[in-house]
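Here is the structure we will look at.
Not measured: the values here are computed from a predicted model. Every chain is numbered from 1, with letters handed out A, B, ... down the list of sequences. The basis for the numbers below is simple: all heavy atoms, side chains too, and nothing from hydrogens, waters or symmetry mates.
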Amino acid sequence: MTNAGGQSYKPSVNMGNNSMINVRTRFAPSPTGFLHIGGARTALFNWLFTRHQGGKFVLRVEDTDQARSTEESTKAILDAMTWLGLNWDEGPYFQAERVSLHREMVQKLIQEGKAYYCTCTPEALEEKRKQALAAGKKPKYDGTCREKNLGKTAGSVVRFRGAQTGVTIVEDLIKGNISFNNEELDDLIIERADGYPTYNFAVVVDDALMNITHVIRGDDHVNNTPRQILLYQALGFDVPKFAHVPMILGADKTRLSKRHGATSVMAYKEMGYLPEALVNYLVRLGWAHGDQEIFSLQELVDVFSLEAVGKSPAVFNPEKLLWLNAHYIRQSAPEKLLDLMKDFWPAPAVGKDAEFVKKVILDLRTRSRTLAEMAAAADFYFADKLDYEPEAAQKFLLPEAAVYLKEIAQKIPAVENFTREGIEEFLKEYAQEKGIKLKIIAQPLRVALTGKAVSPGIDEVMVTLGKERVVKRIRDAAAWITANK
RNA sequence: GGUCCCAUCGUCUAGUGGUUAGGACGCUGGCCUCUCACGCCGGAAACCGGGGUUCAAGUCCCCGUGGGACUACCA
């Protein structure tokens, strides 16, 4: 399964450059929840970089935490990727299915003396950690089993024998060179007591075996990177290029989480956001191309580069996302919106004539920031009988207006040119005849037609509704005034 | 605590030693107008602080300060 159903994007790079043609990247989510905003941006950057370079984008599910991984999460993540249009070329591979490979590599390191069995219990380690912390020292594995040359026993784990001197330099495509003293790195566990590899080991083995050339991931991983580089070297693999993208923060500048509102990509779909809006918003978090704000996916593929990714974290701003979403709704063809709106319309809208619904969409297109907003604003188009908003009715459905409404209802059947222009002309002439401002009749008419004080232009509404419904609604309003005032 | 990263309007950002520090969201004044929205024109709003380097620093260096990440038999 490679969800190649997405459209294809042509790489914009000079294919004559042989070193670039073999770019391979991966997105490696752990299936312990839905795809969230941060993960989506990481996936997007990977995808854009890869498509720009004409490389291969691999999807790998990191499910070695057997206790927390679920199939539903895997499906939810793939669905979200597909919705965003981030198609992958290989995978999804499942890390848990590759444990024999990982174990092989663990054994290799043990045989070469680069890893060793450790029988320290979690409890003992936790105790030592506490003590170290209390004494103001660094909580680091103390090497109890390092030189014991232990064999495998029940409950034993395997630790990597890390270098204790020297410096490891991470050459990061976004952050530049970052150096770490190896003495800061402790002997990390690479195989757990349950026989499963730990993250830091499994990523290295898998990335190496899958020939990943560029590891693009969140910068919460920078501190893991030197250990991983040491692992690559111990295993005799080439070290890939790294690019650590800054985190996305909430309004309070802490790491984005549920506390800050919706963080699930699919929650945005359900709220009526378009994938192109989310993609456009996400890509501008930490990346810019001069002053440009609006980008199509193909445009992004053309101009995206890791060099232009900023180093500092970005605060997630829902207002700007909303603006972009409104923009993309405005830009969308009515046919497309007709399709998208199927999941959003209120019950009375289902089964209505497509041409009529399309007109409704056209009326509302510049006035809706989300599809859900559009649906909410559209209720009056589909209602058989209007409920007048109390404040609107009180202010505009008055006895003096009833006179005008009745006359207008009477004259409308004779309006030949029942278009926006024709209707506007008719109403202006009527107002002139009466010696009043258009305003005087527009608001009562609006309430009569929509039940609200705020709506699309009354000419638009009238055209969409059609003469018959218009006449009926105006008469209903006049009758309502007689009955209630 | 230790290690590492980061720092331009409220927010996202442009800026690569010499600019009236630009754009966008949001806010706001006006125009358009049947309300609202769209659109158009205008406004307020920023280089964290201190030292250097330099004729010249938002841009380079150092030190502070502030924020963030990691510090698991999670990923």
Side-chain angles (χ1 to χ4, degrees), chain A residues 28-32 62-65 67-69 95 118 120-122 125-126 129 132-140 155-159 170 172 175-176 178-181 184-186 188-194 196-200 202-203 217-226 244 246-247 249 251 253-255 281 284-294 310-324 326 330 363-369 377 392 396 424 427-428 431 437-447 450 452-459:
Chain A
S30 68
T32 54
E62 311 230 314
D63 55 350
T64 51
D65 183 345
R68 297 198 304 149
S69 299
Q95 199 158 54
C118 169
C120 297
T121 65
L125 291 169
E126 184 55 32
R129 187 173 302 121
L133 232 33
K137 294 204 294 193
K138 187 178 171 60
K140 177 181 158 178
S156 67
V157 300
V158 179
R159 282 182 188 273
V170 178
D172 193 280
K175 309 229 177 217
I178 309 168
S179 72
F180 294 83
N181 287 319
E184 299 292 340
L185 281 22
D186 57 357
L188 78 167
I189 292 172
I190 58 177
E191 188 177 287
R192 297 188 277 231
D194 65 5
Y196 278 86
T198 54
Y199 165 74
N200 279 298
V203 257
R217 71 219 318 188
D219 78 1
D220 46 339
H221 289 285
V222 287
N223 286 297
N224 287 326
T225 309
H244 288 98
M247 303 273 85
L249 276 22
K253 306 237 177 173
T254 64
R255 193 176 173 152
Y281 179 69
R284 285 285 290 99
L285 241 35
W287 177 87
H289 185 65
D291 283 342
Q292 191 172 345
E293 294 286 349
I294 306 293
K311 300 177 179 187
S312 47
V315 173
F316 186 79
N317 180 198
E319 291 290 328
K320 189 160 183 182
L321 206 206
L322 221 34
W323 171 75
L324 276 164
R330 249 178 273 136
D363 285 358
L364 263 18
R365 205 169 47 161
T366 60
R367 290 168 242 262
S368 310
R369 295 181 303 174
F396 298 113
E424 191 172 346
L427 290 175
K428 280 191 170 151
K437 293 200 164 200
L438 181 58
K439 238 188 177 116
I440 303 297
I441 50 172
Q443 283 303 84
L445 262 178
R446 183 185 317 287
V447 181
T450 70
K452 310 176 192 199
V454 172
S455 80
I458 49 178
D459 52 347

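Partners of A/E62 by salt bridge (Lys or Arg N to Asp or Glu O under 4.0 Å), not counting sequence neighbours, listed by chain and number: A/R60.
Going from the C1' atom of B/A57 to that of B/C40 covers 39 Å, rounded to whole Å. Comparing B/C27 with B/G66, their C1' atoms are spaced 27 Å from each other, to the whole Å. Distance check on atom C1': B/G23 versus B/G64 gives 33 Å, rounded to whole Å. The separation of B/G18 from B/C5, taken at their P atoms, amounts to 27 Å, rounded to a whole angstrom. Rounded to whole Å, the separation between the C1' atoms of B/G42 and B/G49 comes to 35 Å. The separation of B/C63 from B/A45, taken at their P atoms, amounts to 35 Å, rounded to a whole angstrom. Rounded to the nearest Å, the gap between the P atom of B/G29 and that of B/A37 is 12 Å. One P atom belongs to B/A24, the other to B/C38, and the distance between them is 15 Å to the nearest Å.
Among the protein residues, A/C120 comes within range of the nucleic acid bases, having at least one heavy atom under 4.0 Å from a base atom. The residue A/V315 sits close only to the backbone: its heavy atoms come under 4.0 Å of sugar-phosphate atoms, none of a base. Note on A/S455: a base of the nucleic acid sits closer than 4.0 angstrom, heavy atoms only. If you check every strand for non-hydrogen atoms under 4.0 Å, A/S30 touches sugar and phosphate atoms only. Contacts of A/I458 with the nucleic acid, taken as non-hydrogen atoms under 4.0 Å apart, include base atoms. Here A/S179 lies in heavy-atom contact (under 4.0 Å) with sugar-phosphate atoms only. Using a 4.0 Å heavy-atom distance criterion, A/A453 is classed as a base contact. Here A/P226 lies out of heavy-atom contact (under 4.0 Å) with every strand. Among the heavy atoms of the strands, none lies under 4.0 Å from A/G218.
Here B/C60 sits opposite B/G52 as a Watson-Crick or G-U wobble pair (both hydrogen-bonding atom distances under 3.5 Å). With a cut-off of 3.5 Å on both pairing distances, the Watson-Crick or G-U wobble partner of B/G66 is B/C6. If you check B/A24 for Watson-Crick or wobble pairing at under 3.5 angstrom, you find it paired to B/U11. Figure legend. B/C38 is base-paired to no nucleotide; pairs are counted as Watson-Crick or G-U wobble with both atom distances under 3.5 Å. Of the nucleotides present, none pairs with B/U33 by Watson-Crick or G-U wobble criteria with both distances under 3.5 Å. In a base pair of the Watson-Crick type (N1 to N3 plus N6-O4 or O6-N4) or a G-U wobble (N1-O2 and O6-N3), with each distance short of 3.5 Å, B/G1 is matched with B/U71. Checking B/C47 for Watson-Crick or G-U wobble geometry (two distances, each under 3.5 Å) identifies no partner in any strand.
Put simply, CG on A/D219 and CZ on A/R217 are 11.0 Å apart, with the number rounded to the nearest 0.5 Å. Of the inter-residue distances, the one linking A/H221 atom NE2 with A/N200 atom CG reads 9.0 Å to the nearest 0.5 angstrom. Taken from CD in A/Q95 to CG in A/D63, the straight-line distance is 7.0 Å, to the nearest 0.5 Å. A/C120 SG to A/E126 CD: the interatomic distance, rounded to the nearest 0.5 Å, is 13.5 Å.
Between A/H244 and the options A/D220, A/I178, A/T225, a side chain to side chain contact (heavy atoms under 4.5 Å, CB included) holds for only A/T225.
In terms of modelled atom types and a separation under 3.5 Å, the side chain of A/Y199 and the main chain of A/D65 share no donor-acceptor contact. Side-chain N or O atoms of A/R365 include none that pairs as donor or acceptor with a backbone N or O of A/S368 at under 3.5 Å. Listed for the A/S156 side chain is no donor-acceptor partner under 3.5 Å among the backbone atoms of A/C118.
In this structure, the CG atom of A/L427 is 14 Å from the C1' atom of B/U35, given to the nearest Å. For A/F316 and B/G26, the CZ to P distance is 15 Å, given to the nearest whole Å. Atom CZ in A/R367 sits about 16 Å away from atom P in B/U33, given to the nearest Å. Note: CG (A/L324) to P (B/C25) measures 9 Å, nearest angstrom. Taking atom CD of A/E126 as the reference point, atom P of B/A72 lies 8 Å away to the nearest angstrom. In this structure, CG of A/L438 is placed 5 Å from C1' of B/C34, rounded to the nearest angstrom. Atom NZ of A/K452 is separated from atom P of B/C36 by 15 Å (rounded to the nearest Å). Computed from coordinates, the A/R446 CZ to B/C34 P distance equals 10 Å when rounded to whole Å.
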Please list, for nucleotides 68-71 of chain B, all pairs of protein and nucleotide N/O atoms separated by less than 3.5 Å.
residue	atom	partner	partner atom	Å
B/A69	O3'	A/R255	NH1	3.4
B/A69	N3	A/N223	ND2	3.4
B/C70	OP1	A/R255	NH1	3.0

Taking N or O atoms only and anything under 3.5 Å, show me the protein contacts with nucleotides 20-24 of chain B, one pair per line.
residue	atom	partner	partner atom	Å
B/G22	N2	A/D291	OD1	2.9
B/G23	N2	A/R284	NH2	3.4
B/G23	N2	A/E293	OE2	2.9
B/A24	O4'	A/E293	OE2	3.2

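Scanning both residues, A/P456 and A/L364, for their nearest heavy atoms gives CG-CD1, 3.5 Å.
Listed nucleotides: B/A75, B/U35, B/U3. Nearest to the side chain of A/F180: B/U3. Ranking B/C38, B/C12, B/G1 by closeness to the A/A314 side chain, first place goes to B/C12. When each of B/C73, B/C34, B/G10 is scored by its nearest atom to the side-chain atoms of A/I189, the top-ranked nucleotide is B/C73. Considering only side-chain atoms of A/A442, the nucleotide from B/C6, B/A75, B/C34 that sits closest is B/C34.
Counting heavy atoms from C-beta outward, A/Y281 and A/K320 have side chains that approach closer than 4.5 Å. The closest side-chain heavy-atom distance from A/P246 to A/S312 is not below 4.5 Å.
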- Test A/D186 against A/R159 for salt bridge (Lys or Arg N to Asp or Glu O under 4.0 Å), laying out the working first. CA-CA 10 Å; A/D186 57 357; A/R159 282 182 188 273; 5.7 Å; no

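The 5' end of RNA chain B is approached more closely, in terms of each residue's nearest nucleotide, by A/E319 than by the other of A/D63 and A/E319. Nucleotides of RNA chain B nearest to A/K175 and A/E62 differ in position, and the one nearer the 5' end is that of A/K175.
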